[in-house]
Amino acid sequence: MQRKIEHIDLALKQCLTLSNGLNDIQLIPNSLPKIANADHINIETKIGELCLSSPIIINAITGGVKEAYQINKDLSLIARKHNLAIAVGSQKAAIKDPVMQYTYSIVRENNPDGIVIANIGMDSTFDMAMQAVEMLRANAIQYHFNLPQELLMNEGDRTFQHMKEELSKILIHSPVPVILKEVGSGMSREFMKEMISMGAAIFDLGGKGGTNFAWIELQRQGIQDDTFVDWGLTLAESLIEYQRIRALHTDVHVIASGGIENGLEIVKCLALGASAVGIAGHFLRTYYLKSIEHLDQEVSKLHREFKIGMALIGANKVDEIKNIPFVLKHSLYTYAYQRKLF
Ligand code: FNR
């Protein structure tokens with residue numbers, strides 16, 4: 001499981017300049033204050049039946065190696081302090097070796113009443129998914145898609161013939177909401193449609209522009225080659241893809257993720273219909289390269305920026321962000337036009 005340590009190490013070193021595209025979304029301002037009181041802005045949100053105190057989710061990072069225990073312990077203390085939902089990293093390691101469960105279950109111990117999200121990958125069966133949920137008494141489960149990473153890893157999965165069948169069972173029979181999650185390649189509307197037809201109702205878009213697993217895997221193998229590093233859709237393009245789905249399926253919800261680092265980006269994602277956002281790399285870097293105190297301050301800063309952004313567009317509560325007018329700039333407009341998404 002040295003791989004998990006190397007992933008963290010390389011995520012900390014990643015210095016790619018790929019953008020998540022959110023700069024090309026321009027919200028339209030209105031100078032007349034429409035909020036009742038800037039100090040009483042309500043940031044509660046809902047993802048289907050999941051009620052969250054904040055739209056910020058600490059996204060899946062780690063578990064399954066002894067070093068992960070301290071990280072999950074500290075991240076989950078931050079989640080408790082700021083009432084954030086928190087996801088753990090892939091639980092496969094603890095399903096294979098129950099001795100490792102403590103590296104994940106600390107998240108639930110620190111958040112007995114909080115929203116804790118389990119995590120499994122594309123090689124998981126329905127039984128594995130249920131073990132992952134039980135391990136944490138999880139409120140929801142993320143099923144992550146990471147095809148570029150698996151194919152670029154020497155030790156990655158190469159066979160997927162039972163995947164769809166097991167995923168279908170998970171989607172239909174899971175006792176908790178299932179979040180279908182990308183980890184950096186984004187999502188097309190065709191993919192979302194296919195998954196909705198199988199029973200999916202929540203997507204974490206995981207767009208390009210943040211943590212980049214193609215880069216991480218190539219670096220890990222010492223390969224100086226950028227092929228596939230630019231693969232996939234940015235977070236902004238994925239949000240554009242979601243607009244068609246949003247118009248047709250009011251019961252389908254998305255979490256926006258991929259390189260989110262400030263509160264205005266969160267407002268933009270919610271204006272394009274997301275119910276919440278996931279942040280992994282930015283939180284990991286703040287915690288690891290600085291300190292847990294810095295992470296604590298960073299979450300406060302994100303909440304402050306988010307509320308300022310809401311005030312600037314006249315939103316008293318999260319639902320009111322969703323109908324804010326916006327304009328797409330530069331290549332994002334061309335993208336939307338070519339994909340006939342507006
Ligand atoms: C991740 N991510 C991740 N996702 C997942 O579903 N299961 C996992 O085990 C992991 N492991 C993991 C390790 C490390 C070191 C990082 C940085 C990230 C992916 C993560 O949850 C998120 O989807 C992507 O990182 C994109 O978001 P950011 O990092 O750009 O905010």
Side-chain angles (χ1 to χ4, degrees), residues 1-24 57-65 67-68 71 75 87-90 92-93 119 121-123 142-158 160 180-188 191 203-239 241 255-262 265 269 277-290 331-332 335:
M1 277 292 135
Q2 181 59 21
R3 186 175 77 225
K4 295 207 182 202
I5 310 292
E6 289 171 0
H7 282 166
I8 291 178
D9 196 40
L10 286 162
L12 295 172
K13 289 188 182 131
Q14 186 187 300
C15 54
L16 286 173
T17 51
L18 296 176
S19 157
N20 64 13
L22 294 179
N23 273 343
D24 287 345
I57 299 172
I58 302 181
N59 222 345
I61 296 177
T62 198
V65 283
E67 293 82 350
I71 301 174
L75 293 179
V88 299
S90 171
K92 185 174 167 184
N119 188 290
M122 296 194 297
D123 57 350
Q142 294 180 331
Y143 178 104
H144 70 257
F145 290 84
N146 63 338
L147 191 54
Q149 182 187 9
E150 294 297 342
L151 297 179
L152 287 168
M153 257 194 296
N154 287 333
E155 68 274 40
D157 285 337
R158 293 282 183 281
F160 306 98
L180 299 187
K181 171 178 191 287
E182 243 300 338
V183 300
S185 301
M187 288 187 187
S188 67
F191 169 76
F203 298 96
D204 176 337
L205 298 175
K208 185 176 64 179
T211 303
N212 188 307
F213 278 98
W215 182 86
I216 287 177
E217 280 311 328
L218 292 167
Q219 289 289 315
R220 207 163 68 82
Q221 294 164 44
I223 300 172
Q224 300 303 320
D225 177 5
D226 280 351
T227 314
F228 298 111
V229 166
D230 198 24
W231 174 256
L233 302 181
T234 64
L235 169 55
E237 288 162 351
S238 305
L239 282 164
E241 294 283 330
I255 298 164
S257 69
I260 292 178
E261 295 196 346
N262 68 56
E265 288 185 319
C269 291
V277 302
I279 303 181
H282 179 56
F283 283 161
L284 182 69
R285 281 188 293 279
T286 308
Y287 164 73
Y288 228 92
L289 302 176
K290 295 182 178 169
S331 58
L332 193 56
Y335 179 87

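Basis for what follows: all heavy atoms, side chains included, without hydrogens, waters or symmetry-related copies.
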Provide the closest heavy-atom pair for [X] versus [Y] in the form atom of the first, atom of the second, distance.
X      : Y      : result
Ile57  : Ile255 : CD1-CD1, 3.9 Å
Ile216 : Thr211 : CD1-CG2, 3.9 Å
Gly207 : Ser238 : CA-OG, 4.3 Å
Leu22  : Ala236 : N-CB, 3.9 Å
Lys181 : Asn119 : CD-ND2, 4.3 Å
Ala256 : Leu239 : CB-CD2, 4.3 Å

Please tell me if the side chains of [X] and [Y] come closer than 4.5 Å, counting only heavy atoms from C-beta onward.
X      : Y      : value
His144 : Gln149 : no
Tyr288 : Ile71  : yes
Leu332 : Glu237 : yes
Leu218 : Thr227 : no

Would Met122 and Asp157 count as a side-chain contact (heavy atoms from CB on, under 4.5 Å) if you check the C-alpha gap in whole Å, the side-chain angles of each, and the deciding distance to 0.1 Å?
CA-CA 9 Å; Met122 296 194 297; Asp157 285 337; 5.6 Å; no
Check whether the side chains of Asn20 and Glu261 place a donor and an acceptor atom closer than 3.5 Å, and report yes or no.
no
Distance (rounded to the nearest 0.5 Å) between [X] [atom1] and [Y] [atom2]:
X      : Y      : atom1 : atom2 : value
Thr234 : Asn23  : OG1   : CG    : 11.0 Å
Phe213 : Leu10  : CZ    : CG    : 10.0 Å
Arg285 : Ile8   : CZ    : CD1   : 12.5 Å
Ser185 : Phe228 : OG    : CZ    : 11.0 Å
Tyr287 : Ile58  : OH    : CD1   : 11.5 Å
Glu6   : Lys13  : CD    : NZ    : 9.5 Å

Mind running side-chain contact (heavy atoms from CB on, under 4.5 Å) on Leu147 and Phe145 for me, showing each step along the way?
CA-CA 6 Å; Leu147 191 54; Phe145 290 84; over 6 Å; no
Residue pair Asp24, Tyr335: steps toward the side-chain contact (heavy atoms from CB on, under 4.5 Å) verdict:
CA-CA 11 Å; Asp24 287 345; Tyr335 179 87; over 6 Å; no
Pair Arg220 + Asp9, salt bridge at N-O below 4.0 Å
no
Report yes or no: does Lys208 contribute a side-chain atom to a donor-acceptor pair with the main-chain N or O of Gly186 at less than 3.5 Å?
no
Does Glu265 form a side-chain contact (heavy atoms from CB on, under 4.5 Å) with Leu235? I'd like the steps, not just the answer.
CA-CA 11 Å; Glu265 288 185 319; Leu235 169 55; over 6 Å; no
Option among Val183, Leu152, Leu151 that satisfies the side chain to side chain contact (heavy atoms under 4.5 Å, CB included) test with Asn146:
Val183
